[in-house]
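A quick write-up on the structure given underneath.
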There are 2 protein chains.
Amino acid sequence: LVLSTRKQNLRHYFEEGAKFHGHLSPGLVIGIFMVDLAEEILGSPGLVDAVVETQLCLPDVVQIMTPCSYGNGWLRVKDWGKFALTLYDKERRDGVRVYLDMEKVKNYPRIYQWYMRENGGVETGQVVSEIMGAERAILSWERVRVKVTPKEKGPVSICPVCGETHPASNGELCPRCSGRDDYYRVINGEITPG
Amino acid sequence: LVLSTRKQNLRHYFEEGAKFHGHLSPGLVIGIFMVDLAEEILGSPGLVDAVVETQLCLPDVVQIMTPCSYGNGWLRVKDWGKFALTLYDKERRDGVRVYLDMEKVKNYPRIYQWYMRENGGVETGQVVSEIMGAERAILSWERVRVKVTPKEKGPVSICPVCGETHPASNGELCPRCSGRDDYYRVINGEITPG
């Protein structure tokens with residue numbers, strides 16, 4: 001009964017999450033239980049900031065369940081590949097870190113197989129069902145103090161090659177024109193192959 | 001008349017954006033005109049992926065206007081500090097890159113002053129008004145072909161220090177336990193200062 005009350009309370013997020021993320025992935029469902037747990041432990045603090053430790057799924061959970069978004073800077077994403085997140089009081093910087101606890105996941109063979117990518121994977125619907133049954137039983141948490149290095153908004157430069165603006169801290173050339181990083185080439189006027 | 005029709009069509013996104021981002025920032029408003037322009041030039045392709053070239057504001061615009069989210073991987077974020085974004089056909093990999101064109105912005109003193117962070121800044125409401133008047137007149141675009149390096153989901157390891165999982169490609173220790181990156185310390189049992 002208690003369990004089903006929790007899922008009932010979170011139903012809105014399962015729906016919102018599926019819409020925002022494109023589908024209700026196992027990671028999304030675990031994440032919703034994680035944020036819910038973190039918020040319960042935090043109580044009612046002031047403004048809350050968030051850190052997630054993987055680029056997969058968890059950023060979307062935080063964005064639908066809290067005011068933190070990637071673009072407003074209240075959500076930070078670490079590319080650590082760890083299924084963990086921290087919500088913390090922006091002012092006091094103490095908070096709660098919740099993580100998927102593999103010792104506990106061992107009791108749930110489908111979740112374990114899915115997460116560890118064993119035996120060629122398992123059907124997603126079955127994993128989601130097992131997560132819905134497990135709820136918080138696969139999670140652990142700890143209290144943490146968060147270190148913050150505020151991002152300075154420094155002066156803006158114009159790149160002499162492309163003519164576009166970028167932070168002067170990059171140096172004279174922008175990250176693309178300096179060859180440090182790239183993701184496209186311009187095909188203006190070229191015929192697009194079918 | 002044409003201009004006000006465009007803003008009318010985008011009104012939903014101004015409202016959604018303000019809600020998702022916390023407030024209607026100048027960057028959000030410019031971004032909404034950028035995505036709208038990119039979508040118009042793209043026409044009706046198949047699935048669309050997105051790249052934004054700054055962590056500020058633009059990730060939120062893409063997330064509210066398209067099915068691309070940070071957590072589903074269809075939105076990639078480059079930390080270049082450039083106010084530009086690309087929408088492209090996932091299959092064919094050709095698309096449209098739209099950027100804030102500083103040559104054009106020079107005709108709009110408040111936008112210019114805000115973006116270049118000159119003279120101690122300008123009142124945000126005035127910047128937003130000028131952007132609402134400018135619409136696409138401060139933007140330029142080009143056709144691009146996007147390079148994609150698909151992320152492999154490799155095997156998962158358990159870190160011998162913290163006992164948590166992480167991608168085996170990190171090495172034996174996870175990114176935090178190896179000292180490569182960090183953002184918190186555990187304060188379980190410590191008394192929280194007021």
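Just so it is clear: chains get the letters A, B, ... in the order the sequence lines come, proteins before strands, and each one is counted from 1.
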Residue, of [options], that accumulates the most heavy atom pairs under 4.5 Å with chain B:
options	answer
A/Val146, A/Ile158, A/Asp101, A/Leu58	A/Val146
A/Pro155, A/Gly163, A/Gly154	A/Gly154
A/Asp60, A/Val51, A/Val52, A/Val148	A/Asp60
A/Glu164, A/Arg180, A/His166	A/Glu164

Would you please classify the geometry between the B/Tyr70 ring and the A/Tyr70 ring as parallel, tilted or perpendicular, with 30° and 60° separating the classes?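 A/Tyr70 vs B/Tyr70 ring planes: parallel.
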
Would you mind checking which part of [X] comes under 4.5 Å of any heavy atom in chain B, side chain (CB onward), backbone (N, CA, C, O), both or neither?
X	answer
A/Lys19	neither
A/Asn170	side chain
A/Val77	side chain
A/Gln63	both

Give the cluster check for [X] versus [Y]: same hydrophobic cluster or not, with ILVMFWY residues linked at side-chain heavy-atom distances below 4.5 Å.
X	Y	value
B/Trp74	B/Val35	no
B/Tyr99	B/Ile138	no
B/Val186	B/Leu173	no
A/Trp141	A/Met34	yes
B/Phe33	B/Ile41	yes

Minimum heavy-atom distance [X]-[Y], with the two atoms named:
X	Y	value
B/Tyr183	A/Thr86	OH-OG1, 2.7 Å
A/Lys82	B/Thr165	CG-O, 3.5 Å
A/Tyr115	B/Val156	O-CG2, 3.6 Å
B/Glu53	A/Tyr184	OE2-CE2, 3.8 Å
A/Gly71	B/His21	O-CE1, 3.2 Å
A/Asp94	B/Ile187	CB-CD1, 4.0 Å

Using non-hydrogen atoms and a 4.5 Å limit, figure out which bit of B/Arg93 sits close to chain A: side chain, backbone, both or neither.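 B/Arg93 has no heavy atom closer than 4.5 Å to chain A.
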
Contacting moiety of B/Asp182, where chain A heavy atoms sit under 4.5 Å: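 Backbone plus side chain of B/Asp182, per the 4.5 Å heavy-atom cut-off to chain A.
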
Could you tell me which residues satisfy side-chain contact (heavy atoms from CB on, under 4.5 Å) with B/Leu56, sequence neighbours excluded, listed by chain and number?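 A/Lys153, B/Thr54.
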
Partner residues of A/Ser169 under the side-chain contact (heavy atoms from CB on, under 4.5 Å) criterion, sequence neighbours left out: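 A/Ser169: side-chain contact (heavy atoms from CB on, under 4.5 Å) contacts with A/Pro167.
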
Flag yes if more than 12 heavy atoms outside B/Glu123 fall under 6.0 Å of its CD atom; otherwise flag no.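 For B/Glu123, atom CD is crowded (more than 12 foreign heavy atoms under 6.0 Å).
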
Is it true that, when you exclude A/Glu172 itself, more than 12 heavy atoms of the residues, nucleotides or ligands shown sit nearer than 6.0 Å to its CD?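 No, the 6.0 Å shell around CD holds no more than 12 heavy atoms from other groups.
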
As an exercise: rank B/Met102, B/Arg76, B/His23, B/Lys78 by heavy-atom pairs under 4.5 Å with chain A and give me the winner.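 Top option by heavy-atom pairs under 4.5 Å: B/Lys78.
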
Which one, B/Pro59, B/Cys159, B/Gly31, B/Ser157, leads in non-hydrogen pairs under 4.5 Å with chain A?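 Option with the top pair count is B/Pro59.
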
